[in-house]
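Report on the structure given below.
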Amino acid sequence: MGSVFHDLYDMLKRNEKEMLISRSGSTTDSRCEKIRSGQSYLYKRCGMESEVLEIRFRSRVFGAQLNQALLIAIKRYPYFNTRLVEKDGDFYIVQNEQGLTAKRTKKLARLGHISCGYHLIDVTYFDDSVYISFHHALCDGRGIMPFVETLVYYYCVQRYGSTPAPEGIRLAGEPLLPGETVDPFLKEYDFDQSKELIGFSRDAFAIPEIGLPKQSLNYRYELQIPASRFMQVCKEFHATPAILLALLMNRGIANMYPDYDRPIHANIAADMRDALDAPNTFKNCVRSMILPYDRELAAKSLCEQASEYRRLLSAQRDRDFCRKEANAMIGLFDRLDHLDSYQEKQKIMTFFEGMTLNTYIISYLGRMKLGENAAHIDGMHLYNSGTTGLGINMIACGESFCLDFKQSFPSDKYVKAFREELETLGIGYQASGQIPFITPCDSIMKRNEAG
């Protein structure tokens, strides 16, 4: 008799899921919207760690004004007022009946948990900081940034008085852009298969810390660099901010390990939206580009090195190259689609979970649109725990570039090496001490049942 009730319960739960999935998606008009672009982040054994954008104001954050701003801003972004429904190991986006509320707390919520209304983003605040946590399965940094810009604008209106909206931000009441909710990984892409495309070996120098046992606690070091001076040096050597960052870190690592026997790789997160004809999508749409540094390149001038990196980035942003890379990712997603349960999909993804990118990772989020409200903001930081080895996040915010060195180890030797390279070029900075931190894993599934 117990099995009959259990089977009946399972049938009712399945019917409920199918009903929810058929009624909405990223918007109320969407239907049956399965996550494809970010699904590789949904099968980690312990859950995916939250990505956190911290906006640090020059004065204390007022909760009433922040919640009013959130209420206004979220109207423009219905796809962030959502939750996930799991069926047969696949995950679908549905509208969330619970609204988002900004809470005053130092503790970050587990995304997908009842404590944050099962949302995949969460907004909290404490003292002078606002924290926007988001799940990489839902969106990437470029996908969340327009929402953050809109939220900050409306908060500043509520908190400091009316100011002109910064050029290019999205306002409440405006319609979604064409293709804003499209998933760019639903089908394979045509590309010129006769074209000779650039190729790289993934065999690269590994910093010794990559091999250390993984710890729950991570560490950050913050740097704030005057944008005017950093851009002046970029122009002097015909470099972009990301290229200059990579070159200085690569040179610092080469000086630390003069006997390096393989190329030093800066793995840079690259946006594929334009190549996939999805320029406005909020969904995850990134891959990794490589900027190698070997002894031949090290012997060249900084200007020559920057020129070589511009060439390499251009080749890796090539439309056909990106489409070929996207097809490889789609092949993995198709393979997952043919499996019938969460446990089977998780077994496949566990193999990828142990893989690392040598030597380190860079993510440059670009410039935050603040307009006159830049005067109210001291800085902006992006970080997440779960790092293996070294990662560097950079954001242009107001009159500064804000960098976060996020690490799985406590030593400050890499940020010191980078600072020495800045000093060589006469670039000033403000530096923090060591910041131990944890961003929590999601609570989308009960992992003790999933293996």
Side-chain angles (χ1 to χ4, degrees), residues 10-11 13-44 47-48 51 77-97 111-113 117-121 134-140 142-144 176 178-189 272-273 276-278 280-287 323 325-350 352-353 442-447 449-451:
D10 285 346
M11 183 184 69
K13 289 295 291 183
R14 186 176 183 85
N15 288 342
E16 180 188 18
K17 289 180 179 182
E18 291 175 347
M19 181 183 65
L20 289 168
I21 291 167
S22 67
R23 285 185 173 180
S24 70
S26 291
T27 68
T28 54
D29 297 328
S30 304
R31 300 288 185 274
C32 303
E33 190 174 335
K34 183 166 69 174
I35 286 188
R36 286 270 291 184
S37 61
Q39 67 176 309
S40 57
Y41 298 100
L42 290 166
Y43 302 101
K44 293 187 70 172
M48 182 67 197
E51 296 269 351
Y77 302 91
Y79 44 81
F80 288 139
N81 193 32
T82 53
R83 62 186 181 93
L84 293 185
V85 173
E86 181 269 336
K87 189 184 80 166
D88 299 330
D90 293 322
F91 292 85
Y92 297 81
I93 301 176
V94 301
Q95 288 291 294
N96 197 331
E97 294 179 358
L111 296 176
H113 190 261
Y118 305 105
H119 287 95
L120 297 180
I121 73 166
F134 66 96
H135 199 296
H136 232 312
L138 181 67
C139 63
D140 55 19
R142 181 171 166 185
I144 195 73
L176 297 185
E180 193 167 335
T181 63
V182 71
D183 191 321
F185 291 90
L186 293 178
K187 59 179 178 60
E188 286 194 348
Y189 291 89
M272 293 193 291
R273 284 171 170 79
L276 303 186
D277 296 329
N280 298 321
T281 183
F282 79 91
K283 298 191 178 185
N284 205 303
C285 197
V286 294
R287 51 172 291 272
R323 288 179 161 226
E325 293 289 303
N327 284 350
M329 297 166 67
I330 290 168
L332 171 62
F333 299 155
D334 288 344
R335 185 180 176 189
L336 290 174
D337 284 348
H338 286 92
L339 301 174
D340 296 326
S341 71
Y342 181 87
Q343 289 84 352
E344 290 179 285
K345 296 172 194 284
Q346 190 183 54
K347 285 178 183 177
I348 295 290
M349 296 312 299
T350 297
F352 295 96
E353 194 171 335
D442 70 52
S443 184
I444 293 170
M445 292 289 290
K446 293 181 179 179
R447 261 78 187 187
E449 296 178 2

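Keep in mind that the numbers below use all heavy atoms, side chains included, and drop hydrogens, waters and symmetry copies. These figures come from a predicted structure and were not determined experimentally.
For Ile330 against Arg36, the heavy-atom pair with the smallest separation is CG2-NH2, 3.5 Å. Counting all heavy atoms, side chain and backbone alike, Thr281 lies closest to Pro184 at OG1-CD, 4.2 Å. When every heavy atom of Leu42 is checked against every heavy atom of Tyr342, the shortest pair comes out as O-OH, 3.2 Å. The two atoms that bring Ser37 and Asp183 nearest to each other are N-OD2, 3.3 Å, heavy atoms only. Scanning all heavy atoms of the two residues, the minimum distance from Pro78 to Leu176 falls at CD-CD2, 4.2 Å. Scanning all heavy atoms of the two residues, the minimum distance from Tyr118 to Arg83 falls at O-CB, 3.3 Å.
The NZ atom of Lys345 lies 6.5 Å from the CD atom of Gln39; values are rounded to the nearest 0.5 Å. Between the CD1 atom of Ile144 and the CZ atom of Phe134 there is a distance of 6.0 Å, given to the nearest 0.5 Å. Separation of atoms CG (Asn81) and OG1 (Thr27) is listed at 12.0 Å; rounding is to 0.5 Å. Atom OG of Ser341 sits about 10.0 Å away from atom CG of Asp90, to the nearest 0.5 Å. Here Leu111 contributes atom CG and His113 contributes atom NE2; the two are 11.0 Å apart, rounded to the nearest 0.5 Å. The CG atom of Leu84 sits 11.5 Å away from the NE2 atom of His119 when rounded to the nearest 0.5 Å.
Arg273 places no side-chain N or O within donor-acceptor distance of the main-chain N or O of Ala278, the cut-off being under 3.5 Å. Of the possible donor and acceptor atoms, one in the side chain of Asp140 sits under 3.5 Å from a partner among the backbone N and O of Cys285. In terms of modelled atom types and a separation under 3.5 Å, the side chain of Tyr43 and the main chain of Ile348 share no donor-acceptor contact. In terms of modelled atom types and a separation under 3.5 Å, the side chain of Asn280 and the main chain of Gly179 share no donor-acceptor contact. Put simply, the side chain of Asn284 gets close to the backbone of His136: a donor and an acceptor are under 3.5 Å apart.
Ring pair Phe333/Phe185 is perpendicular by interplanar angle, where above 60° counts as perpendicular and below 30° as parallel.
No side-chain heavy atom of Asn96 sits less than 4.5 Å from a side-chain heavy atom of Leu120. Taking 4.5 Å as the limit, some side-chain heavy atom of Lys34 sits within range of a side-chain heavy atom of Asp337. In this structure the side chain of Ile35 never reaches within 4.5 angstrom of the side chain of Lys283, judged on heavy atoms. Between Glu18 and Asn15, some side-chain heavy-atom pair lies under the 4.5 Å cut-off. Under the 4.5 Å side-chain criterion, counting only non-hydrogen atoms from C-beta, Met349 is in contact with Leu336. With contacts defined as side-chain heavy-atom distances shorter than 4.5 Å, the pair Leu138/Ile93 qualifies.
Judged purely by distance below 3.5 Å, without hydrogens or angles, the side chains of Gln95 and Thr28 never pair a donor atom with an acceptor atom.
Surrounding CZ of Arg335 are at most 12 heavy atoms belonging to other residues, nucleotides or ligands under 6.0 Å away.
Between Glu86 and Lys17 there is a salt bridge, with a side-chain nitrogen of the basic residue lying less than 4.0 Å from a carboxylate oxygen of the acidic one. One finds no salt bridge joining Lys347 and Glu344 here, because no Lys/Arg side-chain nitrogen approaches an Asp/Glu carboxylate oxygen to under 4.0 Å.
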Requested in this report: Under the ring pair (Phe, Tyr, Trp, His ring centres under 6.0 Å) rule, what do Phe80 and Phe282 come out as? Steps first, then yes or no, please.
Outcome: CA-CA 10 Å; Phe80 288 139; Phe282 79 91; 5.8 Å; yes

Query - Chi angles and distances behind the salt bridge (charged side-chain N to carboxylate O under 4.0 Å, His left out) call for Arg14, Asp88 - result: CA-CA 10 Å; Arg14 186 176 183 85; Asp88 299 330; 2.9 Å; yes

